[in-house]
Amino acid sequence: MIATQRTLAAVLFIAANAVFGDVQAQIASEKGTGRESTGKHYVLPANKDTAQWGWLDPAEKPKVFVDSGDTVSIETLRHSMDEIKPGASIEEIVKLRLANPGGGPHSVTGPIYVNGAEPGDTLEIRILKIVMKESGFNFNLPGKQFPTIGLLASEFPEGHVQYFKLDLETMTTEFKPGVILQLKPFPGTIAVGPDPNEPKEKAGPPIHDAKGRTSTLRPWKNGSNMDVNELQVGSVLYFPVFQKGGLIWTGDSHCLQGNGEVNLTALECSYKEIEIQPIVRKDLRIDWPRAETATDWIFMGFDEDLNEAMRIAVRETVNFLAQQKIVPMSREEAYSLTSMVGDCRVSQVVDIRKGVHCMIPKSIFTTQ
């Protein structure tokens, strides 16, 4: 039965080739057999020289140069360059938040330069492994001081922080006695280099600072603070490339998050290692990030208006279904199918630009 499921998955993957491209078809039959790379493996530790606090800067010197198909194990830090650690009070967290005006709280490791990646290409990034560090936290900022940060900020004027010990063997943590949470780690922030044509902010602080850096606060076409909780080990992401070398950063590491991330933060943590494999795709052109898991194709939309974020995600989904060659269909049929089986979820509502991701199950397609 397992072999049959893998064969079907490979067939569907190859049949989708018209959308995902020739390179994807070549490697489809290898999925599920372990690491497919025959290239080099690199290790990128996180420290003051390799991580930045809250900004993506295309002028930042790359920390490692890799070829397409190489693998990289990246260490990440907790927020504010690892300063939000067990014992830090909500008052200290507020001071750290105010210490980096306009920038995100995220510590991002990178950038990683992928040889051969050029603007207009697509960068495929496979998430191969995640090894967590052993502590995590969740907080909401004081609503009386930050009245627009968090969905119910005005109802929680004092703010709150809670720390957690993560059990790496059982992949659980105790929220409090009687409540056990199953950990599901994924990168809250993973990005390629910024889009030079990113539109001006509609709300919140400026997107860019005086140095031309881009804040990690908002998600956009280059990914960044997407908070899509499906992006766990085994998932594959696709980003349009805007900068030479692609330029990959990751941070804002999550160990668990509900869709919406409503109080501002997930179960925030950091990783000893997130291993990725970037692949340069000359055969694929996309406008917005997309992803896939073993079971679903995922299409994303981001905008300050949640309705517009939804429209973008749905339009991307319809476009994919109308273009795929597994079972050819008209755009009208694709729209209908999306309405019947598309599972559109609110990724987050707390990052100024809100996020929606629509999921299409691969299982709806059958073979003879």
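This structure is a prediction, so every number in the text was calculated from the model and none was measured.
Without hydrogens or angle criteria, Asp67 side chain to Asp70 main chain gives no donor-acceptor distance under 3.5 Å. A donor-acceptor contact shorter than 3.5 Å links the side chain of Ser107 to the backbone of Arg78. Side chain of Lys129 to main chain of Gly234: no donor-acceptor pair is present (N/O by atom type, distance under 3.5 Å, no hydrogens or angles). With Tyr238 contributing its side chain and Leu284 its backbone, the two residues share no donor-acceptor pair below 3.5 Å. Between the side chain of Glu75 and the main chain of Ala46, a donor-acceptor pair closer than 3.5 Å is present. Here the side chain of Glu261 pairs a donor or acceptor atom with the backbone of Ala266 at under 3.5 angstrom. The backbone N or O of Gly116 sits less than 3.5 Å from a side-chain atom of Lys282, completing a donor-acceptor pair. Listed for the Gln348 side chain is no donor-acceptor partner under 3.5 Å among the backbone atoms of Gly260. A donor-acceptor pair under 3.5 Å is absent between the side-chain atoms of Asn263 and the main chain of Gly150, judged by distance alone. Checked by atom type and distance alone, the side chain of Gln52 pairs as donor or acceptor with a backbone atom of Gly110 at under 3.5 Å.
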Legend entry - Test salt bridge (Lys or Arg N to Asp or Glu O under 4.0 Å) applied to Lys95 and Glu92, step by step: CA-CA 5 Å; Lys95 288 179 181 179; Glu92 291 172 304; over 6 Å; no
Legend entry - Step-by-step side chain to side chain contact (heavy atoms under 4.5 Å, CB included) determination, Asn319 to Phe299: CA-CA 10 Å; Asn319 289 344; Phe299 304 90; over 6 Å; no
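Partners of Phe242 according to the ring-ring contact (aromatic ring centres under 6.0 Å, His included) rule, which considers only residues two or more places apart in sequence or in another chain, do not exist here. In this structure Pro205 satisfies the side chain to side chain contact (heavy atoms under 4.5 Å, CB included) test together with Leu217, Arg218, Ile352, sequence neighbours excluded. Shown here are the side chain to side chain donor-acceptor pair (under 3.5 Å) partners of Thr216, two or more places apart in sequence or in another chain: His106. Shown here are the side chain to side chain contact (heavy atoms under 4.5 Å, CB included) partners of Pro199, two or more places apart in sequence or in another chain: Trp220, Arg353.
Applying the salt bridge (charged side-chain N to carboxylate O under 4.0 Å, His left out) test to pairs two or more places apart or on separate chains, those with a residue in residues 228-252 are Glu118-Lys244, Glu230-Arg345.
A salt bridge does not link Lys165 to Glu174: none of the charged nitrogens lies less than 4.0 Å from a carboxylate oxygen. Under the 4.0 Å criterion applied to side-chain N and carboxylate O atoms, Lys202 and Asp303 are assigned as salt-bridge partners.
The side-chain heavy atoms of Thr71 and Tyr42, taken from C-beta on, include no pair separated by under 4.5 Å. The closest side-chain heavy-atom distance from Phe302 to Met226 is below 4.5 Å.
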Can I get a per-line list of side-chain donor-acceptor pairs under 3.5 Å for residues 56-65, giving both atom names and the distance, sequence neighbours left out?
from, atom 1, to, atom 2, distance (Å)
Asp57, OD1, Ala59, N, 2.9
Glu60, OE2, Lys63, NZ, 2.8
Lys63, NZ, Asp49, O, 3.2
Lys63, NZ, Lys61, O, 3.1

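No side-chain donor from either of Gln182 and Thr172 sits under 3.5 Å from a side-chain acceptor of the other.
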